[in-house]
Amino acid sequence: MQTALITGASTGIGLALARELARRGWRVALAARRTDLLDEAVAQLTAAGHTAMAVTCDVANAEAVRAAVAQVEAAWGPIDMAVANAGLGDPKPVTEMRLADAEYILRVNFLGMLHLFDAVRPSMLARKSGQFVGVASLAGLRGLPMSAIYSASKAAMQAFLEAARVELKPHGITVTTVNPGFVKTPLTDRNTVSKPFMISAERAAVIVADGLLRGAREVNFPEPTATAMRLVRLLPNWAYDLVVGIGARQLMAPDK
Ligand SMILES: NC(=O)c1ccc[n+]([C@@H]2O[C@H](COP(=O)([O-])OP(=O)(O)OC[C@H]3O[C@@H](n4cnc5c(N)ncnc54)[C@H](OP(=O)(O)O)[C@@H]3O)[C@@H](O)[C@H]2O)c1
């Protein structure tokens, strides 16, 4: 039986992915800070005949992530798939940026992923096998107004994962970047902007699991948003500023 460790698995995409991988026969370790939610999810999975464990862990803390990985390895042996999914965002204009908040978003989204990578890397390299996954975002493909820090954290993830993918292939390690568009979760519930083509966390988990299990380099979804972002990525800067600027000005209008 293969083992997956998923951070940010107390709610949303991480929880749905844990359930989906369990349904497909994986042993799943669910990591996050809210132990009560993790315990509840593990109890449900176990009652359904799956093998799951809860690992309380703050990904902002490298030592805590190392301890979480050690806990899973001690119980089940090597981790076959590590998914850096924990993340947060705080949509606001850069004129209102608070440095401490920005640092925290980067710490959780980007450094949190590096903490996980650092903790699973020795065993994956020694075994010459394993899959490392980062849940970034389509919002990382260009700098999105009103989400500058979030966009930047996800772009940093994408750049790291792309470089690591190439470097680690000869070591037998697969690296996958997951770029969701809008998925209905507590994160999007807190965000009041319009959310075109939003899908459920359960549907997202099926798409992500399909991609991960076929060893995809990238999993971009939902398709309409992913296609739109591919096109937006090709726009020259003047056209990007024009098109995205109109949307941003509407978002920042005083009556919003
Ligand atoms: N939903 C979307 O539309 C969307 C789109 C693109 C990308 N994403 C990305 O998908 C990932 C999951 O987001 P989601 O939508 O499923 O949001 P969510 O339901 O709010 O889940 C976020 C998860 O991250 C965990 N988390 C937050 N800070 C943490 C920390 N310091 N240490 C450990 N765990 C932490 C939370 O658990 P605790 O609070 O219990 O620790 C929770 O389990 C994020 O990286 C997000 O950026 C989401």
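In listed order, ligands and their atoms are each counted from 1.
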Undergrad: Nearest to atom 16 (O) of ligand 1 by heavy atom, T11, I6, T188, I13: which?
TA: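 Answer by nearest heavy atom: I13.
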Undergrad: Looking only at protein heavy atoms, which one is nearest to atom 32 (N) of ligand 1, and what is the separation?
TA: V59 N, 2.9 Å
Undergrad: Starting from atom 46 (C) of ligand 1, what is the nearest protein heavy atom, named by residue and atom, and what distance separates them?
TA: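 Result for atom 46 (C) of ligand 1: Y150 OH, 3.5 Å.
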Undergrad: Are M124 and V166 grouped together when hydrophobic residues (ILVMFWY) are joined by side-chain heavy atoms under 4.5 angstrom apart?
TA: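 In one cluster with M124: V166, no.
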Undergrad: Spell out, as yes or no, whether a donor-acceptor pair under 3.5 Å connects the side chain of S151 to the backbone of R142.
TA: yes
Undergrad: Return yes when A136 approaches ligand 1 closer than 4.0 angstrom through a heavy atom, no otherwise.
TA: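 Per 4.0 Å heavy-atom rule, A136 contacts ligand 1.
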Undergrad: Would D210 and R24 pass as an ion pair if we require N to O under 4.0 Å?
TA: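 Yes.
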Undergrad: Is V135 reachable from L37 through a run of hydrophobic residues whose side-chain heavy atoms are each under 4.5 Å from the next?
TA: no
Undergrad: Mark the output for V108 as yes if a heavy-atom distance to ligand 1 is under 4.0 Å, and as no if none is.
TA: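 Checking ligand 1 against V108, which is what was asked, there is a heavy-atom contact under 4.0 Å.
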Undergrad: If the cut-off is 4.0 Å to any non-hydrogen atom of Y104, which atoms of ligand 1 fall inside it?
TA: 31 (N)
Undergrad: Short list, please: which atoms of ligand 1 are under 4.0 Å from a heavy atom of G12?
TA: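 By the 4.0 Å cutoff, the relevant atoms are 16 (O), 19 (O).
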Undergrad: Examine the proximity of ligand 1 to A31 and report which part, side chain or backbone, both or neither, has a heavy atom under 4.0 Å away.
TA: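 It is neither part, as no heavy atom is under 4.0 Å.
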Undergrad: Name the closest protein heavy atom to atom 14 (P) of ligand 1, giving the residue it belongs to and the distance to 0.1 Å.
TA: T185 OG1, 3.5 Å
Undergrad: Check ligand 1 against A9 and write out every atom of the ligand that is under 4.0 Å from a heavy-atom position of the residue.
TA: 43 (O)
Undergrad: Answer side chain, backbone, both or neither: which part of R190 comes under 4.0 Å from ligand 1, heavy atoms only.
TA: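 Under 4.0 Å from ligand 1, R190 contributes side-chain atoms alone.
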Undergrad: Taking only heavy atoms of F182 into account, list the atoms of ligand 1 that are under 4.0 Å away from them.
TA: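 So the answer, numbered in order with elements, is 3 (O).
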Undergrad: Any sub-3.5 Å donor-acceptor pair from T3's side-chain atoms to R27's backbone N or O?
TA: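 No, the answer is negative, given that no donor and acceptor are paired below the 3.5 Å cut-off.
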Undergrad: Quick check: does any side chain N or O of H115 sit under 3.5 Å from a backbone N or O of V59, one acting as donor and the other as acceptor?
TA: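 Between the backbone of V59 and the side chain of H115 there is a qualifying donor-acceptor contact (under 3.5 Å).
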Undergrad: Can you list the atoms of ligand 1 that are under 4.0 Å from a heavy atom of S10?
TA: 36 (C), 37 (O), 38 (P), 40 (O), 42 (C), 43 (O)
Undergrad: Check whether I6 and L30 end up in the same hydrophobic cluster, where Ile, Leu, Val, Met, Phe, Trp and Tyr are linked by side-chain heavy atoms less than 4.5 Å apart.
TA: yes
Undergrad: Which pairs pass ring-ring contact (aromatic ring centres under 6.0 Å, His included) with one or both residues in residues 158-214, sequence neighbours excluded?
TA: F117-F160
Undergrad: Do Q131 and T176 have side-chain atoms, one donor and one acceptor, less than 3.5 Å apart?
TA: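 Yes - a donor-acceptor pair under 3.5 Å links their side chains.
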Undergrad: Can you list the atoms of ligand 1 that are under 4.0 Å from a heavy atom of D58?
TA: 30 (C), 31 (N), 32 (N)
Undergrad: Just distances here: any N/O of V183 and N/O of ligand 1 closer than 3.5 Å?
TA: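 Checking ligand 1 against V183, an N or O pair does fall under 3.5 Å apart.
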Undergrad: Please state which protein non-hydrogen atom is closest to atom 22 (C) of ligand 1 and give its distance, to 0.1 Å?
TA: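 The closest heavy atom on the protein side is G87 O, 3.7 Å.
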Undergrad: Just let me know how A201 lines up against ligand 1, side chain, backbone, both or neither, with a heavy-atom cut-off below 4.0 Å.
TA: neither
Undergrad: Do you reckon Y150 sits in the same ILVMFWY cluster as V94, going by side-chain contacts under 4.5 Å, direct or chained?
TA: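 No, Y150 does not connect to V94 through the hydrophobic network.
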Undergrad: Strictly by modelled atom types, are N220 and E218 linked by a side-chain donor-acceptor pair under 3.5 Å?
TA: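 Side chains of N220 and E218: pair found under 3.5 Å.
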Undergrad: When hydrophobic residues are tied together by side-chain contacts of less than 4.5 Å, even through go-betweens, does L17 share a cluster with V69?
TA: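 Not linked; separate clusters.
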Undergrad: Quick one: does K154 get within less than 4.0 Å of ligand 1, heavy atoms only?
TA: yes
Undergrad: On a heavy-atom basis, I'd like to know which of V135, D36, N85 is closest to atom 44 (C) of ligand 1.
TA: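 Shortest heavy-atom distance from atom 44 (C) of ligand 1: N85.
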Undergrad: Within ligand 1, which atoms have a heavy atom of S137 less than 4.0 Å away?
TA: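 Checking each atom against S137, I get 6 (C), 7 (C).
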Undergrad: May I ask you to check whether G181 has an N/O atom sitting below 3.5 Å from an N/O atom of ligand 1?
TA: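 There is such a contact, yes.
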Undergrad: Would you call R230 and E223 a salt bridge, using N to O less than 4.0 angstrom?
TA: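 E223 and R230: salt-bridged.
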Undergrad: When you measure from atom 25 (C) of ligand 1 to every protein heavy atom, which one gives the shortest distance, and what is it?
TA: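 Going by distance alone, atom 25 (C) of ligand 1 is nearest to G8 CA, 3.5 Å.
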Undergrad: Main chain of S123, side chain of R127: is a donor-acceptor contact present, judged purely on distance under 3.5 Å?
TA: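 Yes; at least one donor-acceptor contact below 3.5 Å.
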Undergrad: Tell me: protein heavy atom nearest atom 33 (C) of ligand 1, and distance?
TA: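 The closest heavy atom on the protein side is C57 O, 3.3 Å.
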Undergrad: Nearest to atom 39 (O) of ligand 1 by heavy atom, R33, K184, M113: which?
TA: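 It is R33 whose heavy atom sits nearest to atom 39 (O) of ligand 1.
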Undergrad: Is any side-chain N of the basic residue among R66 and D118 closer than 4.0 Å to the acidic one's carboxylate O?
TA: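 Answer for the salt bridge query: yes.
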Undergrad: When you measure from atom 17 (O) of ligand 1 to every protein heavy atom, which one gives the shortest distance, and what is it?
TA: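 In this structure, atom 17 (O) of ligand 1 has L187 CB, 3.3 Å as its nearest protein heavy atom.
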Undergrad: Which atoms from ligand 1 have a heavy atom of A86 less than 4.0 Å away?
TA: 24 (O), 26 (N), 34 (N), 35 (C), 45 (O)
